[in-house]
Amino acid sequence: MQNLHIKRPLEPKQAFQYRGRFAPSPSGLLHFGSLIAALASFLDAKAFVNDHGEQGKWLIRIEDIDRPREQKGASTAILTTLEAFGLHWDETALYQSTQSQYYRDILSNLAQQKLSYYCQCTRSQIKAIGGIYQGHCRTANYKSQGNATRLVNQYGLHQFNDLFQDDVVCNKALANEDFIIHRKDGLFAYQLAVVADDIAQGITHVVRGCDLLEPTARQLTLFQTLNNSFLKCTTPRYGHIPLAITSEGYKLSKQNKAPAINNANPQPALIAALIFLGQKSIPDLVSASVEEIIQWAITHWQRDLVPKAFEINID
């Protein structure tokens with residue numbers, strides 16, 4: 001069995017330590033929707049204080065494994081924007097592009113334990129049978145070349161308790177699917193990379209947008225698969241915040257060319273993000289410094305005020 005190249009955090013064991021993260025893709029600059037997700041994950045981490053008086057940690061991970069979609073200079077610009085908005089991270093930022101050997105080791109171990117297999121089904125073939133892969137290649141014994149790798153899904157977890165949305169029930173058929181963990185083009189699949197890196201960074205809480213509710217079900221399944229086989233790990237708690245959408249129903253996203261937030265004047269966007277997240281009794285902070293706004297937000301952060309909604313119109 002392969003030895004896993006995991007850079008585990010060296011944290012004291014005496015008291016629980018909250019470890020959150022923000023994991024942007026460098027496919028474009030941060031927009032208002034990105035700011036909402038970053039701010040929510042930051043505040044949830046920094047508002048936490050354990051029994052030893054230790055504040056939660058907030059980490060940054062640059063998800064740069066899909067090089068064809070990467071925008072030149074975006075990684076540096078993202079970090080610059082976070083600093084301009086007072087969202088300062090703990091520890092060194094992790095770049096997924098440095099994690100390839102770690103991912104390969106996990107794939108190798110899954111294969112050795114017969115927890116994965118190669119699949120040659122195309123998207124169009126799967127779409128033609130209803131959009132849910134039915135395990136056609138599980139016993140075909142295809143070779144790796146030119147094929148995707150799928151996880152043998154033993155658990156199909158489709159329900160979980162969310163920090164903000166309470167009890168979430170996902171599409172059960174989709175949750176039971178043998179999903180892809182390594183793409184046929186040779187790129188590591190998002191589901192594999194995100195779970196592997198949450199383990200490597202010791203992440204305890206994941207706060208992100210509601211567009212990732214269903215992927216969470218798959219990630220829960222992968223966590224359980226790894227923990228019950230060869231990689232002991234603790235599954236994080238998940239919290240999903242509403243998506244910011246336009247009046248046309250479009251989610252603010254890099255793909256939809258959402259405008260970048262203004263590093264030179266961050267205060268209005270910070271205050272708007274706090275209002276979006278439902279935080280109440282926000283004082284007149286327009287003339288306050290970024291640091292003062294952030295400190296107020298940490299002190300007054302309340303999870304239960306975050307709207308229990310999939311999306312919110314911001315127009």
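Numbers here simply count residues along the sequence, with the first being 1.
Taking 4.5 Å as the limit, some side-chain heavy atom of Q99 sits within range of a side-chain heavy atom of L94. Side-chain contact between R183 and D66 is present, with at least one heavy-atom pair separated by less than 4.5 Å. With contacts defined as side-chain heavy-atom distances shorter than 4.5 Å, the pair N141/Y118 does not qualify.
Between atom CG of residue L43 and atom CD1 of residue I298 there is a gap of 6.5 Å, rounded to the nearest 0.5 Å. The distance from the CD1 atom of I271 to the CD1 atom of I293 is 4.5 Å, given to the nearest 0.5 Å. Separating the CD1 atom in I180 from the NZ atom in K184 is a distance of 7.5 Å, to the nearest 0.5 Å.
Here the rule is side-chain contact (heavy atoms from CB on, under 4.5 Å) with F276, and of L39, L35, I36 only I36 fits it.
Within the cation-pi definition used here (under 6.0 Å to the ring centroid, within 45° of the axis), R150 does not qualify as a partner of F179.
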For this session: I would like to know whether Y155 and F223 meet ring-ring contact (aromatic ring centres under 6.0 Å, His included); could you show each step before the answer?
Result: CA-CA 10 Å; Y155 304 107; F223 268 108; over 10 Å; no
For this session: Verify salt bridge (Lys or Arg N to Asp or Glu O under 4.0 Å) between D162 and R237, making sure each step is shown before the conclusion.
Result: CA-CA 7 Å; D162 192 89; R237 287 292 313 278; over 6 Å; no
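Note: F188 and H182 have tilted aromatic rings, judged against thresholds of 30 and 60 degrees for the angle between ring planes. In this pair, Y238 and H240 present their aromatic rings parallel. The plane angle is below 30°, not in the 30 to 60° band.
At most 12 non-hydrogen atoms from other residues, nucleotides or ligands lie less than 6.0 angstrom from NZ of K172. Applying the 6.0 Å contact sphere to CG of D304 captures more than 12 heavy atoms from other residues, nucleotides or ligands. Heavy-atom contacts from other residues, nucleotides or ligands closer than 6.0 Å to CG of D185 number more than 12.
Screening residues 259-270 for side chain to side chain donor-acceptor pair (under 3.5 Å) gives T81-N263 as the qualifying pairs, with residues at least two apart or on separate chains. Legend: side chain to side chain donor-acceptor pair (under 3.5 Å) pairs involving residues 36-48, not counting sequence neighbours, sorted by first then second residue: Y18-D44, S41-W58, D44-W301, D44-R303, K46-D90.
A salt bridge does not link R61 with E91: every distance from a Lys NZ or Arg NE/NH1/NH2 to an Asp or Glu carboxylate oxygen is 4.0 Å or more.
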